[in-house]
Number of protein chains: 4
Amino acid sequence: MVSGMPRSTCPEPPRKGRTGRPRSAEADAAILRATRASLVDLGFSKLTMADVAARAGVAKTTLYRRWANKNELVVDAVAVLFDELELPDRGSLASDVEGVVLQFATLLEQPETKTALMGVVAESTCDDALRARIRSAIVERQKRLVVDGRRRAQERGELPREEDPRAADRNTDLVFDVVAGAVVHRVLVSAEPVDEEWARRFTLLLLSGIGALSG
Amino acid sequence: MVSGMPRSTCPEPPRKGRTGRPRSAEADAAILRATRASLVDLGFSKLTMADVAARAGVAKTTLYRRWANKNELVVDAVAVLFDELELPDRGSLASDVEGVVLQFATLLEQPETKTALMGVVAESTCDDALRARIRSAIVERQKRLVVDGRRRAQERGELPREEDPRAADRNTDLVFDVVAGAVVHRVLVSAEPVDEEWARRFTLLLLSGIGALSG
Amino acid sequence: MVSGMPRSTCPEPPRKGRTGRPRSAEADAAILRATRASLVDLGFSKLTMADVAARAGVAKTTLYRRWANKNELVVDAVAVLFDELELPDRGSLASDVEGVVLQFATLLEQPETKTALMGVVAESTCDDALRARIRSAIVERQKRLVVDGRRRAQERGELPREEDPRAADRNTDLVFDVVAGAVVHRVLVSAEPVDEEWARRFTLLLLSGIGALSG
Amino acid sequence: MVSGMPRSTCPEPPRKGRTGRPRSAEADAAILRATRASLVDLGFSKLTMADVAARAGVAKTTLYRRWANKNELVVDAVAVLFDELELPDRGSLASDVEGVVLQFATLLEQPETKTALMGVVAESTCDDALRARIRSAIVERQKRLVVDGRRRAQERGELPREEDPRAADRNTDLVFDVVAGAVVHRVLVSAEPVDEEWARRFTLLLLSGIGALSG
DNA sequence: GAGTAATCGAGACGGTACGTCTCGTCTTGTT
DNA sequence: AACAAGACGAGACGTACCGTCTCGATTACTC
């Protein structure tokens, strides 16, 4: 992902300001690590706060002092994984798209990512606060991949410059839903592998479609 | 959905054959109805077997006699909703696709559908049996919408006949993942509405892309 | 026990009178046998109607057609064991008493007897109908051992004839409570064996005490 | 009962030693009180852990944290009642025995005592751990009444000093089984009242018998 | 370097749902 | 009618987590 991005996912801050024993930064890291490990072993729905605490060598109180509940903890534990996604410069828009699709699929095929992502998305269907946290911690951050990709293609002359910024936004959202949706659906619902051949055919479909939108 | 489809989702059958009191068909229906009602009120993760039983006017034992656990029950309760999807004949492929996209979005915006679908998909990331049940009860059944749509477009002359049946299958799968994935992502992850304008732009993208695949 | 005693313990009779298929006598016997077997294996509190039915090769309905509940069934299944008790003629009152005490202890040390007897007595503390059934099926039948023993001792001249029949009854009850109570307490509460030495010392205590009552 | 006796019945202690929130002593007391109340209202076999918890204003978990099951809980709840038994000094052995017999009968006629005592004794026929708990919490504690009574009678010169301590123990056990057994059988099995007249006649029988043993 | 205040581990607490078990009744078709 | 089979409503079982609450014991800043 684009570097220099400020970390938005962090445990909620201590209330007041100054005095008293400061929170252990080691504990923070150990908890997030333990959460990911527990996700791998148990999956989202069987993960328990007590198990995470035990793995992290920490008391349950220490978890609840930082995160209000399991959902928020899991979002934060997983969000950092998405920061690894980067837009490679492979010389052409098509190659760049194929590269991102394969990266994204690789990420989704890791057990901790897929079980956590779908778990929190499922919870978010009934929990507005959680949905907001997912959007800010994960979705909006990924969307930059689309924006940067288009900008780079425009610099190469592969895509025309957008004139209407509103239309540009609409297209960003559409393309993002198509790319992320197709990969997620392929991996998690259809449960079929995303290999180079699939990535190539998907990219062909996508870029032809985008061309029709712009033209 | 295509009519005449046999119902595949049903509680597991009594073991032997003939003797003893037969299971109540009313109870079956009441339980599935109660499950959907409970999904609307509580969401997937807060739905409890006891609550479903109480709503259905049935003992908990009666639930467990038919379904091994909450996941399987919810899959069956929701699968029937997808049977409502139909491929309308609006005179052109583009109109047909727009129609199906809007129907699908409407279905996903119902609280019982979205919370249940994501809930069971999340569970299925750690449960192969559940994933298989979802595929047979939901995914494979929906895929016929793509097959029928292409056949109809070919009859109209909007699409060329496929020569290689393997390529046809691959394209069916790709198109299905793109359509279902984009709509699901739009509705559940991006949490933006699927209106006629979005459907039109998505269809434009999709059909241009399909044209490139075939041509 | 005294022979020629009419069997008082039997399943409740069919309601009306004549028509329809007659009840299976084999089932009656199989059920009582199965009840005793289940008592040995599981104890009173873990014995279940379904288990008894399965052991007897009979449907649960068949049990409930004959006995109102588990307590009544167990009383009947066990009562018959007490019919084995007999008053041997060993030539002297002391020897007769020792013999009966040892017989009774042997009976109580069988697992089916002890678990069943205490189980139903425990239930009877809250169930008048059950207490009545226990009294008629077990207690009153055993009491004849005391009556017969005294009569025989009087015939031998070991005990004086009672003049007041009311006093005789009172003494019968007292002696019965002392004998049965002491043996039951020794075996079930103190959990110590009733051997010949204990029987001799108990008999010495008892007969001296009886002498004081009569003299 | 003899005063100054240390309370031996208590919930199982927390495992380790020092850390963590200590167990609530109020909860302990409330649970034992609630258990006795539930015994009175429902009897042993219908008493449920959930009902006890509700009466005590305590969660079910709190019960299971202290007692492994209903039997152990009931033993502890009832054992304390037997501590009330005392050996009165009425000036003669006969009077003392009559007093204890009447006290014991009064205790056994209370519904919570009789239903609980027989209930746990019944269970103990299949449960060695429970039998051991009953012996240590109830039986052995009561036996001191016999020991103290004999010592006092010897001090008064009503009974000879025992020379052989083994014989003394054997007689203690025998007398205890006779006294406790007779009263329990009279009250719970024969279901007849223990009044002053019965106590007088029983004491006459017992003391004459004891005299024969010693002489 | 004494106080103060928030941290830490541990584990008990009141709740609630789980999935299993048994109860005693009922509904089938068969004998 | 009685029978075997087994579904049914009811509700207790003992376990597992939840998120909160005491405890006593550490830290760091502040005075």
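Everything quoted here is computed from the prediction, not taken from an experiment. Letters A, B, ... mirror the listed sequences (proteins, then strands); counts begin at 1.
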Check DNA chain E against residues 35-45 of chain D and give the residues with a non-hydrogen atom under 4.0 Å, in numerical order.
none
Are D:R23 and E:dG11 close enough that a side-chain N or O sits under 4.0 Å from OP1 or OP2?
no
Taking the side chain of B:R65 as heavy atoms from C-beta outward, which of E:dC8, E:dT20, F:dA7 is closest to it?
F:dA7
Can you check nucleotides 29-31 of chain E for protein contacts, nitrogen or oxygen pairs under 3.5 Å, and list what you find?
| unit_1 | atom_1 | unit_2 | atom_2 | d |
| --- | --- | --- | --- | --- |
| E:dT31 | O2 | C:R21 | NH1 | 3.1 |

Identify, between B:A27 and C:T62, the residue whose nearest nucleotide on DNA chain F lies closer to the 5' end.
C:T62
Considering all heavy atoms of both residues, which atom of D:V80 and which atom of D:A77 are nearest to each other, and what is their separation?
CG1-O, 3.4 Å
The correct set of residues in residues 49-56 of chain D placing a heavy atom under 4.0 Å from DNA chain F is D:M49, D:A50
Quick check on DNA chain E: between C:T48 and D:G57, whose nearest nucleotide comes earlier from the 5' end?
D:G57
The criterion is side chain to side chain donor-acceptor pair (under 3.5 Å); which residues satisfy it with B:S45, sequence neighbours excluded?
A:E123
Out of E:dG15, E:dC8, F:dT15, which nucleotide sits closest to the side chain of D:A59?
E:dG15
Has C:S24 got a side-chain atom pairing as donor or acceptor with C:A27's backbone, closer than 3.5 angstrom?
yes
Using a 3.5 Å distance criterion without hydrogens, assess whether the side chain of C:K70 forms a donor-acceptor pair with backbone atoms of C:L47.
yes
For residues 51-60 of chain B, tabulate all N or O donor-acceptor pairs below 3.5 Å that involve a side-chain atom, not counting sequence neighbours.
| unit_1 | atom_1 | unit_2 | atom_2 | d |
| --- | --- | --- | --- | --- |
| B:D51 | OD2 | B:S38 | OG | 2.6 |
| B:D51 | OD2 | B:R55 | NE | 2.7 |
| B:R55 | NH1 | B:D41 | OD2 | 3.1 |
| B:R55 | NH2 | B:D41 | OD2 | 3.1 |

For the pair made of CD in C:E26 and P in F:dC3, what is the distance, rounded to whole Å?
11 Å
Distance, rounded to the nearest Å, where C:Y64 contributes OH and F:dG6 contributes C1'
14 Å
Over all atoms of both residues, closest heavy-atom pair of A:L32 and A:W67
CD2-CZ2, 3.8 Å
I need the CG-C1' distance between A:L47 and F:dC18, as an integer number of Å.
13 Å
Given that D:P22 and A:K46 both sit by DNA chain F, which one's nearest nucleotide is further toward the 5' end?
A:K46
Between A:D28 and A:R66, does any side-chain N to carboxylate O distance fall below 4.0 Å?
yes
Rounded to whole Å, please give me the gap between CD in C:E123 and C1' in E:dC23.
13 Å
Any N/O donor-acceptor pair, B:K60 side-chain to F:dG11 base, under 3.5 Å:
no
What's the verdict on side-chain contact (heavy atoms from CB on, under 4.5 Å) for B:T62 and B:R23, showing C-alpha distance, side-chain angles and the deciding distance?
CA-CA 9 Å; B:T62 302; B:R23 293 206 179 150; over 6 Å; no
Answer yes or no: does a side-chain N or O of A:T61 lie under 4.0 Å from OP1 or OP2 of E:dA10?
no
Residue from C:D76, C:N71, C:D128 passing side-chain hydrogen bond (donor to acceptor under 3.5 Å, both in side chains) with C:R133
C:D76
Could you list the residues that satisfy side chain to side chain donor-acceptor pair (under 3.5 Å) with D:T35, not counting sequence neighbours?
none
Taking all non-hydrogen atoms of both residues into account, name the closest pair between B:M118 and A:V121 and its distance.
CE-CG1, 3.5 Å
Okay, side chain of C:T115, backbone of C:E112: is any donor-acceptor separation there less than 3.5 Å?
no
Using atom NZ of A:K70 as one end and atom C1' of F:dC17 as the other, report the distance to the nearest whole Å.
9 Å
Taking only side-chain nitrogens and oxygens of D:R66, does any of them come within less than 4.0 Å of OP1 or OP2 of E:dC13?
yes
Can you check the A:W67 CH2 to F:dC18 P distance for me, whole Å?
15 Å
Heavy atoms under 4.0 Å, any strand shown: does C:L63 hit a base, just sugar-phosphate, or nothing?
nothing
